[in-house]
Amino acid sequence: MKRSLIFLSTTITAAFLAIGAPEKKSYPDHWGNPPKVQTRDLRELPGGYGKGSGTLAKWIQKNLDVDAKGEGMKPLFDGKTLDAFEIKSGIATYELKDGVITGTTKAGSPNTFLCTKKKYADFELQFEVKCDNQLNSGVQIRSQLKGDKYGGRVNGPQVEIEASGGNGAESGYVYGEAAGGWLTPGADRKPHKHFKDGEWNQYKILAEGSRIQVWINGEQVSDLTHEKIYKTHSEGLIGLQVHGVGNNGPFSVSWKNMKIREIKK
């Protein structure tokens with residue numbers, strides 16, 4: 001009987017020790033490690049992290065609150081000029097009015113990007129975007145330039161921007177622009193409708209090491225770890241894409257409230 005009780009006690013203790021590990025998804029790297037000492041209760045955890053202790057729930061909620069407040073976030077540009085950017089890879093046009101950047105297609109132009117002059121490595125990027133339903137777009141991160149035509153061909157990871165349509169779409173997944181195509185595996189690119197067509201949509205991109213996470217309107221869409229692209233694109237430009245549309249259009253995509261928080265290692 002004593003052996004059975006000891007075994008049962010050990011099993012229960014082991015179960016509680018395992019509470020610190022999320023059931024369905026990993027914690028953002030910048031949160032650090034969860035608390036080592038935890039209460040022996042079990043409850044639903046905030047943020048969709050499964051079940052765990054009350055101690056873990058408080059730790060998760062505290063980090064979620066800090067992220068929601070955007071502490072340490074700074075404007076990506078001054079809101080008055082586009083002096084911090086350069087147009088690359090094409091001849092689409094970009095206009096700044098009342099703090100909103102609007103990119104518009106131009107007939108015959110290849111994909112065009114309004115790129116930051118500054119390079120970024122690890123960061124959290126937040127912005128709002130609204131896109132014509134007929135236009136595919138995206139935001140480049142850690143991207144580079146090659147060649148000289150139109151100031152250089154932008155290449156690197158791109159976070160997809162795309163209208164949901166009737167069947168859902170691939171907004172928020174990660175594409176390798178001039179860098180091998182889709183980085184998010186096909187099995188993970190499930191069509192969804194988190195992107196609201198014809199409205200402003202809130203994006204959050206968290207790039208830490210080889211891991212890139214994306215949220216749209218508060219819903220996590222992507223959690224990608226890609227060592228191969230990180231080896232070649234660990235730092236680079238942020239670029240706002242106006243996709244080429246041949247002789248169709250004109251179509252437009254707009255961004256506002258662009259903020260960034262650099263994460264120092």
Side-chain angles (χ1 to χ4, degrees), residues 30 70-106 109-131 135-161 174-180 183 202-214 226 229-244 252-265:
H30 69 281
E71 293 183 6
M73 303 294 291
K74 297 180 180 180
L76 189 64
F77 69 108
D78 62 14
K80 299 177 182 178
T81 71
L82 294 179
D83 292 345
F85 295 86
E86 295 176 319
I87 297 176
K88 302 291 183 182
S89 302
I91 55 174
T93 61
Y94 294 84
E95 178 187 19
L96 174 63
K97 185 176 180 180
D98 298 328
V100 177
I101 298 174
T102 298
T104 303
T105 61
K106 190 164 185 178
S109 175
N111 294 351
T112 307
F113 304 86
L114 183 67
C115 296
T116 59
K117 295 178 180 179
K118 180 179 176 178
K119 294 181 178 181
Y120 296 90
D122 287 3
F123 58 85
E124 176 185 345
L125 176 67
Q126 295 184 17
F127 58 87
E128 292 178 69
V129 63
K130 182 166 61 174
C131 186
L135 181 63
N136 171 275
S137 182
V139 168
Q140 296 291 136
I141 63 172
R142 295 172 171 169
S143 293
Q144 302 169 5
L145 299 169
K146 58 183 177 183
D148 299 319
K149 189 174 183 180
Y150 297 128
R153 179 65 167 99
V154 172
N155 63 94
Q158 178 192 122
V159 176
E160 187 78 4
I161 295 170
V174 185
Y175 182 80
E177 176 75 18
L183 302 177
Q202 175 71 45
Y203 269 63
K204 182 172 82 169
I205 302 169
L206 189 59
E208 295 182 276
S210 59
R211 186 182 182 191
I212 301 170
Q213 299 180 81
V214 182
H226 203 292
I229 196 68
Y230 183 63
K231 287 181 180 179
T232 57
H233 294 75
S234 61
E235 180 184 59
L237 310 172
I238 292 171
L240 312 182
Q241 184 195 54
V242 172
H243 203 285
S252 295
V253 53
S254 298
W255 294 266
K256 67 178 181 179
N257 296 328
M258 303 196 73
K259 300 178 290 184
I260 194 165
R261 173 177 63 87
E262 295 187 76
I263 299 172
K264 303 299 182 181
K265 294 183 179 179

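All figures in this text were calculated on a predicted structure; none of them were measured in a lab. Scope of the values below: all heavy atoms of this structure, side chains included, with no hydrogens, waters or symmetry mates.
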As a quick check of understanding, evaluate side chain to side chain contact (heavy atoms under 4.5 Å, CB included) for Gln158 and Leu183, giving each step before the final call.
CA-CA 9 Å; Gln158 178 192 122; Leu183 302 177; over 6 Å; no

Check: Asn111 and His243 side chains under 4.5 Å, non-hydrogen atoms
yes

Closest approach of Thr105 to Ala92 (non-hydrogen atoms, all atoms of both residues)
CA-CB, 4.4 Å

In Å and rounded to the nearest 0.5 Å, what is the CH2 to CG distance from Trp255 to Leu76?
12.0 Å

Just one of Val139, Thr116, Val129, Ile87 clears the side-chain contact (heavy atoms from CB on, under 4.5 Å) bar with Leu240, so which one?
Val139

Stepwise side chain to side chain contact (heavy atoms under 4.5 Å, CB included) test for Phe85 and Leu96:
CA-CA 11 Å; Phe85 295 86; Leu96 174 63; over 6 Å; no

Salt-bridge test for Lys130 and Glu128: reply yes if a basic N is under 4.0 Å from a carboxylate O, no otherwise.
no

Note: Tyr150 and Gly90 closest approach over all heavy atoms is CB-N, 3.5 Å

Paired with Asp122, the salt bridge (Lys or Arg N to Asp or Glu O under 4.0 Å) test is passed by just one of Arg142, Arg211, Lys264, namely Arg142

To the nearest 0.5 angstrom, please state how far the NZ atom of Lys204 sits from the CG atom of Leu125.
11.5 Å

Whether the side chain of Gln144 engages the backbone of Thr232 through a donor-acceptor N/O pair (distance < 3.5 Å, no angle test) should be reported.
yes

Taken in chain and number order and not counting sequence neighbours, the residues that satisfy side-chain hydrogen bond (donor to acceptor under 3.5 Å, both in side chains) with Ser89 are none

Spacing of Glu95 atom CD and Ser252 atom OG [to the nearest 0.5 Å]
9.0 Å

Side chain to side chain, Ile141 and His233, heavy atoms closer than 4.5 Å
no

Glu177 side chain near Arg153 side chain, heavy-atom distance below 4.5 Å:
yes

Name the orientation class of the two ring planes belonging to Tyr203 and Phe127 (parallel below 30°, tilted from 30 to 60°, perpendicular beyond 60°).
parallel

Rounded distance (nearest 0.5 Å) linking atom NZ of Lys88 with atom CG of Leu114
10.5 Å

So Tyr94 and Thr112, side chain to side chain contact (heavy atoms under 4.5 Å, CB included) or not? Walk me through it.
CA-CA 10 Å; Tyr94 294 84; Thr112 307; 3.8 Å; yes

In Å and rounded to the nearest 0.5 Å, what is the CZ to NZ distance from Phe123 to Lys259?
15.5 Å

Give, for atom CD of Gln126 and atom CE of Met73, the distance between the pair rounded to the nearest 0.5 Å.
4.0 Å

Partner set under side-chain hydrogen bond (donor to acceptor under 3.5 Å, both in side chains) for Asp83, not counting sequence neighbours
Thr81

Checking the side chain of Gln140 only, and the main-chain atoms of Gly156 only, is there a donor and an acceptor separated by less than 3.5 Å?
yes

